[in-house]
Amino acid sequence: MNVRGRIVEVGEEREVETSYGSRSLAELSVVRTDDTDGDGDGDAAGDTDGDADPIRVTLWGKWTQSAELAEPGMDVLVTDVEESEYRGETTYGTSKESYVVLEPGFLVDVTNIRSWVQCPRMYYLNKLSGIPLNYPVVKGTIVHEVFGDLLRGRELDESIDERVREAGLQLGLLGYEADEVRDEVRRNAAAIEGWLAQGTLTEEDGWRSEYTLISPTFGVKGRADALRRGMPVELKTGKNTNREPRFQDKIQAAAYALMLDERGVPANTGTLLYTKNTALERNEETGDLSPAKEFSIGKGLLDFVVRTRNQIAAMEFDMSVPTGFEADAKCEYCFEKDTCMVVSGRLDQESKAGQIGKPLPEAEREYFDRLYRAIEEERRETHAEYRKLWEQTAEERADDDRALIDLEPYPEPDDRREIEGGRWELRARKPDDAVSKLREGDVALASDGDPVSGHAELVRIERLDDEVVVTADEPVTLRRLDVYPSELSVDRMLTAVHDALLKGDPDRKDVLFGRRDPEFSNRSEETYIDNNDAQDEAVKLAVDADDFALVHGPPGTGKTYTIAQIIRALVADGNRVLLSAFTNRAVDNALEALREQGFPTDEIVRVGTENGVREDMLDVRLERSGDPNDRAAALRDASVVAATTATCGSRVVREQAFDVALVDEASQLTEPGTLAAVNLAETFVLVGDHEQLPPVVRAENDLQTSLFERLVTDHPEASVMLDRQYRMSQRIQAFSSAEFYDGELRPATGEVAAQRLSQLPGVDENALPSELRDPVSFVDPDGRRVGNTNPTEAGRIAELVDAYEAAGVAPDDIGVIAPFRAQVAEISRRTDVTVDTVDRFQGSSKEVVIVSFVASGSLDGPIFEDHRRINVALTRAKKALTLVGDADALASDPFYRRILDWARR
DNA sequence: GCTCTGCTCAGAGGA
């Protein structure tokens, strides 16, 4: 039996005499959160605030080490407890089989356990700074890929050629030639091949490569290089002159064994494959020619893995920083010693290696701590997403759009096909009505129906319509496809903050931290845009900025056009420019405008995945694979590099340097997200509108305010607001202008102000029902909110769409906006025009927009509290805007009351 | 109570 719950009290470790001799123990008081009453309804869950009686759990032996790390408030799981009666009370204790897991909901990566074993500071430093582009790592990756290819039966030379080619860009940036890399990889691969050839591949040896594992019990996730007869095999391209495998390597393999145990397939042996070892070991007295080192994995080693994992989880629980004293690693031989000392010196952290240099100013350290915490909170939320893989039923996940279930694989053998490189293509039929967040190009978790304890593979989605097609390293029966969460964006935020503070230019930091004001020099006498003063001013400000310039662009004010003008002016001045934005769509829109203005295509490079980059920009997309020198030159020689901010944080782009970084959608970016782009340039230009949607973050924390908003507020003198809008009629823009832009947003021309539906070809305004005659109208369908839908309202909206169409408006010119996805679905069922959430509508517009408010009775809910979202909804329409909702509900709130008054005027 | 885009995923190593 297992015990799971929330710790309320932690006892001191003490020695007691038992029948086995003297043993140490520590007691925990735990309020159980697992289902203890056996009725299966789980009603004890979450009931941790003290009305349930705590139970006593005794941790014996080395588990007392984990007890020392335990704190009230932590979750704990103790497996295979022994139950006993003591003075009428049932108590629990660890048995020989037990594991004690602190904060099992916190998912620790196997590689993190590995680096913690080397040194806890190493774990911290890796997390903070990421691993920069360096040759040993790139080469190691290639050797691993070749290893996987060999296991899948691929021909060696073909594999090496392709894998080296794929790494072309990285190798080129590092200054390596393809030939020398191929030779080196071949030497490493020879060791692998020789070992594989020792009679093992001919028999049924049960090999498989790249095995993804997630452990709900132990709070560990990771990916094993390979399994052989169900036992973990890890490949290491480094040197190891000892007879024994390195301890941290053993721990890595043992961590995979632990997760295999949980799945009921015990692995008592681990293998480490050191590819540089053949020549070295040939001379040793053992006569062992093999690069493989086997070792046995017993319960003691597995316990050690779990205790190490607990150390990490406990440290992350209170977000403290490891000092290095947690382990007995020796600093004098450490590669990271200098980095370690600099980081601890700058951030004023205690560390075993000591400190070098002066601490950062207090304001910077506070900023670091604040964002570090916020980012780590975000990481927790990502972990919660992983947990849903097993905590939610398949149906719940499907309802949440996080999984496609009940896929029907084609009858064997048509459900799978071996493709190039020994990989697999898998196919299944998708139930008609199934929808999800998954998109073509995504990485997802494919499974036989159970993604955690069943057979699951990480796959790439190739096609997603009535048929599902995915590619995978190994075949699986394709019955279910789950969203696979990623910590990537969290990791990149952390490195962006690290780079900004620890590697950033002191001059830049002086402005960012308000120690001096942003400076401008009078470089430009030119007029860039002659029919719009604010746009022209924006270009001037950007060109003149020595630190940064801010362009505030309300809806329809020609932001994209201005961005293209700014980039052209900057490049004309001899600058190398990084163009970035939160979404791929915004990056491509800006590039499109740039190209339309005649900017030479051969000076542009678009960095991004094939699926992310829009089709019409693929011709300038940077192909990563190819000849190293050629690939590196393609990137280095471009005067404009365009990429999302997430890609700016990637290893390759992080190596680049620019004169200016221009970031669009800056108001939708977290501060670290913006820093990822801004870090790479001397000066920066941020374009955005903080009166529209803020950054999307999972946790409520300091990431919700964008750098754009902070700087606009602190330095209005460094900003220009584009005040002429080219989208909406006067009547439509009036509310937004008054409420959000101090009345300063105006139509650019009389034509814009006076535009009417009747100007559209074939439209007869008189054919509209009277309630829709005004450019802004309000309709109360007298509906009721049901969950996040309002079916009556949805029905009425379909009728309104029909009315517009009957008056001659083309379906393509009509858009419907609703606050909830559920209502979007409800309306979509009844009409063929575009229906979407506010969030997805940001950035686009339609001639006619109908907004569904859904709410009835009251306006409770976060979606209505953020008025910026409403601003977006109300500013998508050019000629006609119809609001549909419950008048009484809207009138109950002053802000919505004003909307009502405006619409019914 | 809600909105939801990014990114190959995670891991690849030095002495």
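All chains are named by letter (A, B, ...) in the order of the sequence lines, taking the proteins before the strands, and each is independently numbered beginning at 1. Quick note: numbers below take in every heavy atom, side chains included, and nothing from hydrogens, waters or symmetry partners.
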Asks: Would A/Arg868 and A/Asp689 pass as an ion pair if we require N to O under 4.0 Å?
Replies: no

Asks: Side chains of A/Tyr135 and A/Glu184: donor-acceptor distance under 3.5 Å anywhere?
Replies: yes

Asks: Round to the nearest Å and state the distance from A/Arg402 atom CZ to B/dC2 atom C1'.
Replies: 12 Å

Asks: Pick the C1' atom in B/dA12 and in B/dT8, then give their distance to the nearest Å.
Replies: 14 Å

Asks: Specify the separation, in whole Å, of atom CG of A/Asn584 and atom P of B/dT5.
Replies: 11 Å

Asks: Please give, in whole Å, the distance from B/dT5 P to A/Asp664 CG?
Replies: 17 Å

Asks: Got a sec, which residues hit salt bridge (Lys or Arg N to Asp or Glu O under 4.0 Å) with A/Arg621, two or more places apart in sequence or on another chain?
Replies: A/Glu623

Asks: Under 4.0 Å, counting only non-hydrogen atoms across every strand here, what does A/Thr647 touch: a base, just sugar-phosphate, or nothing?
Replies: sugar-phosphate

Asks: By the 4.0 Å heavy-atom rule, please label A/Thr609 as base, sugar-phosphate, or nothing.
Replies: sugar-phosphate

Asks: Whole angstroms only, please: what is the CD-P distance between A/Gln842 and B/dG6?
Replies: 13 Å

Asks: How many whole angstroms separate atom CG of A/Leu859 from atom P of B/dC2?
Replies: 15 Å

Asks: Cut-off 3.5 Å, no hydrogens considered: what does the side-chain donor-acceptor table look like for residues 331-338 of chain A, sequence neighbours left out?
Replies:
none

Asks: Between A/Arg840 and B/dC4, is there a side-chain N or O to OP1/OP2 distance below 4.0 Å?
Replies: yes

Asks: Mind checking salt bridge (Lys or Arg N to Asp or Glu O under 4.0 Å) for A/Glu655 and listing every partner two or more places apart, or none if nothing turns up?
Replies: none

Asks: Mind checking what makes side-chain contact (heavy atoms from CB on, under 4.5 Å) contact with A/Arg784, not counting sequence neighbours?
Replies: A/Ser856

Asks: Verify the distance criterion only: is there a donor paired with an acceptor across the side chains of A/Glu487 and A/Thr382 at less than 3.5 Å?
Replies: no

Asks: With a non-hydrogen cut-off below 4.0 angstrom, is A/Arg869 in contact with a base, only sugar-phosphate, or nothing?
Replies: base

Asks: Tell me, please, which residues at least two apart from A/Asn679 pass side-chain hydrogen bond (donor to acceptor under 3.5 Å, both in side chains).
Replies: none

Asks: Enumerate the residues from residues 166-173 of chain A whose closest heavy atom to DNA chain B is under 4.0 Å, giving them by residue number; use none for an empty result.
Replies: none

Asks: Rounded to whole Å, how long is the line connecting atom CZ of A/Phe864 with atom C1' of B/dC2?
Replies: 10 Å

Asks: Think A/Arg585 has a side-chain N or O under 4.0 angstrom from the OP1 or OP2 of B/dT5?
Replies: no

Asks: Could you tell me how far apart A/Leu703 (CG) and B/dT3 (P) are, to the nearest whole angstrom?
Replies: 20 Å

Asks: Under the side-chain hydrogen bond (donor to acceptor under 3.5 Å, both in side chains) rule, collect the residues that match up with A/Asp401, sequence neighbours excluded.
Replies: A/Arg821

Asks: How is the base pairing of DNA chain B summarised as a dot-bracket string, given the Watson-Crick and G-U wobble criteria with both distances under 3.5 Å, [ ] for crossing and | for another strand?
Replies: ...............

Asks: Is any side-chain nitrogen or oxygen of A/Thr837 closer than 4.0 Å to OP1 or OP2 of B/dC4?
Replies: yes

Asks: If the condition is side-chain contact (heavy atoms from CB on, under 4.5 Å), which residues does A/Ala794 pass it with, not counting sequence neighbours?
Replies: A/Gln823, A/Glu826, A/Ile827, A/Arg830

Asks: What residues form a side-chain contact (heavy atoms from CB on, under 4.5 Å) with A/Pro628, not counting sequence neighbours?
Replies: A/Leu171, A/Ala178

Asks: Taking atom C1' in both B/dC7 and B/dG11, what distance in whole Å separates the two?
Replies: 15 Å

Asks: Among all residues two or more places apart in sequence or in another chain, which pass the side-chain contact (heavy atoms from CB on, under 4.5 Å) test with A/Asp473?
Replies: A/Arg152, A/Ser209, A/Glu210, A/Arg223, A/Arg423

Asks: Which whole-number value in Å describes the distance from A/Arg614 CZ to B/dT5 P?
Replies: 16 Å

Asks: Starting at the 5' end of nucleotides 10-15 of chain B, put B wherever the base has a protein heavy atom under 4.0 Å, S where only the sugar-phosphate does, and a dash everywhere else.
Replies: SBBBBB

